[in-house]
Every structure is written in structure tokens, then in C-alpha cells.
Amino acid sequence: MTGVQTCALPISQANRDLALRAGREGIVLLKNDKNLLPLKKDLKSVAVIGPNADDVMNQLGDYSPKLVTQHVTTVIEGIKAAVSPQTKVTQVHGCDVTGTDKSGFAEAVQAAKGADAAIVVVGEMQHGRSTDGEGHDVANLDLSGEQEDLIQAVFETGTPTVVVLINGRPLSTRWTSEHVPAIVEAWEPGERGGEAVADVLFGNYN
């Protein structure tokens with residue numbers, strides 16, 4: 001998890017339940033060709049790829065404290081908890097939200113080729129070179145950096161591919177929208193966002 005301090009303080013179960021409900025109800029299913037979703041929980045293997053698969057601050061968004069006082073469930077954590085204990089879950093970063101480094105593409109492609117399904121988690125970022133939030137205007141709404149190229153590289157392996165967007169404003173995802181069969185808009189799903197996303201991906205929540 002990137003650049004975040006955590007401090008475990010007691011949070012009421014009612015508040016945690018509300019956070020999960022908010023995360024679930026905020027998610028929008030943008031596309032689901034041929035009913036690819038929900039994924040089966042007993043898949044032999046799942047590749048989870050992308051810079052937002054395990055990033056706490058990007059799930060919380062702007063106006064979040066630098067010291068997070070509760071555990072934040074990331075997407076990779078939610079997926080690991082949702083699938084069968086026998087399912088192999090492989091995580092690959094692939095690329096950053098910004099920048100031009102494609103050195104992680106080969107590992108991402110290899111992971112996708114060896115999986116029954118690939119879940120690519122991309123979008124915006126809230127730390128360092130922030131792409132979202134107050135005072136962080138952008139010239140266009142395309143996915144930044146090499147993220148859409150990462151999606152394309154994974155899709156072209158032939159493995160059933162799902163894209164999950166973690167972002168604070170609408171994004172232009174033209175190639176992804178035309179080619180990828182399933183797209184989930186999770187926005188900034190909060191402290192239990194990883195669970196909420198996994199619940200949608202694997203059919204625990206409609």
C-alpha cells in the first residue's frame with residue numbers, strides 16, 4: 001500500500017457497516033457483455049493487475065487525512081477474501097497511474113495468460129503527482145500514463161478481462177469501452193471499498 005500512515009483505533013461496527021454499504025451502493029456497472037460478471041468464486045486462478053489494486057489513499061480521495069485511523073480494505077484484499085481458498089490470486093502492479101514506464105507490462109501479461117480471469121484496477125491517484133482533487137486540473141479526461149495500454153496488453157492475452165475504475169471524476173476510456181467486456185466504476189469507494197468491489201465482481205452484491 002502506497003504512502004499512507006495507519007493507526008489502528010477502534011471504529012464502531014455500525015460505522016464500518018455504513019462504509020461498506022456506501023461503497024457498494026456507489027458502484028456503477030458500466031458494461032457487462034455476455035454476462036461475464038459475476039465471476040465464479042471457485043476459479044482456479046485470478047490475476048489482479050494495476051496501480052490501484054492495492055492503494056489506500058486512492059480509494060479515499062481528496063480531503064482525506066494523512067493519518068488514516070482505521071484499516072482500509074484494498075481491492076486485492078477484498079478479492080482474496082471473496083474467492084475460494086483454492087483460488088490462486090496473483091497481483092502485478094503493471095504500471096503507475098502517471099509516467100511512461102512500461103517495464104511491468106511483461107509480468108502483467110504473463111500473469112494474465114496464466115489466469116482464468118484478469119481484473120485490471122486503474123484510475124486516478126491522490127498522492128504524489130495527484131491527478132484528482134482540488135487544485136489538480138487536467139488537460140483531458142483520458143486515463144493517465146500508460147494505464148490504457150496496460151489494459152490493452154492484458155486484454156490481448158485472450159483472458160476474460162474486467163476493468164475496475166478507482167477515480168474521483170468521470171474518465172474517458174474510449175478503447176477500453178469499445179473492447180473490454182466488463183467495466184466497473186467504483187469511484188473512490190472508501191475504507192471498505194475493496195470488499196464492496198469484490199462483492200460486485202463475485203456476485204455477493206447486485
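FYI, the numbering just counts along the sequence from 1.
In terms of modelled atom types and a separation under 3.5 Å, the side chain of Q147 and the main chain of G123 share a donor-acceptor contact. A donor-acceptor pair is defined here as one N or O able to donate and one able to accept, closer than 3.5 Å; no such pair exists between the side chain of K41 and the backbone of A82. A donor-acceptor contact shorter than 3.5 Å links the side chain of T161 to the backbone of T159.
Counted within 6.0 Å of CD on E25, heavy atoms from surrounding residues, nucleotides or ligands total more than 12; the atom is thus considered enclosed. Sparse packing is recorded around CG of N206, with 12 or fewer heavy atoms of other residues, nucleotides or ligands lying under 6.0 Å away.
The pair K40-D116 does not meet the salt-bridge criterion, since no charged nitrogen lies less than 4.0 angstrom from a carboxylate oxygen. Using a 4.0 Å cut-off between charged side-chain N and carboxylate O, R192 and E195 make a salt bridge.
Side chains of V163 and T173 form no contact here, defined as non-hydrogen atoms less than 4.5 Å apart. V162 is not listed as a side-chain neighbour of I183, based on a closest heavy-atom distance of 4.5 Å or more. Within the 4.5 Å cutoff, no side-chain heavy atoms of N52 are placed close to those of V122. Annotation: side chain of V184 is not in contact with side chain of L165 (no heavy-atom distance under 4.5 Å). Side-chain contact between Q70 and E191 is present, with heavy atoms from C-beta onward closer than 4.5 Å. A 4.5 Å side-chain heavy-atom check between T176 and F155 finds every atom pair outside the cut-off. Annotation: side chain of L201 is in contact with side chain of V164 (closest heavy-atom distance under 4.5 Å).
With sequence neighbours excluded, the residues satisfying side-chain contact (heavy atoms from CB on, under 4.5 Å) with Q152 are D149, E156, W175. Residues passing the side-chain contact (heavy atoms from CB on, under 4.5 Å) test with V83, sequence neighbours excluded: I79, T87, V89, F202.
Cluster annotation: I49 is connected to L171 through the hydrophobic network of ILVMFWY side chains, with a link wherever side-chain heavy atoms come within less than 4.5 Å. Residues V180 and V121 fall into different hydrophobic clusters, defined by Ile, Leu, Val, Met, Phe, Trp and Tyr side chains chained together at heavy-atom separations under 4.5 Å. I27 and L20 fall into different hydrophobic clusters, defined by Ile, Leu, Val, Met, Phe, Trp and Tyr side-chain heavy atoms under 4.5 Å apart, directly or through other members. Placement of V120 and V92 within a single hydrophobic cluster is found when ILVMFWY residues are connected by side-chain heavy-atom separations under 4.5 Å, directly or transitively.
Looking at D55 and Q59, their side chains never bring a donor and an acceptor atom within 3.5 Å of each other. Side-chain contact of D101 with S103: a donor-acceptor pair under 3.5 Å is present, judged by distance alone. Of the N and O atoms on the side chains of E124 and S144, not one donor lies less than 3.5 Å from an acceptor on the other residue.
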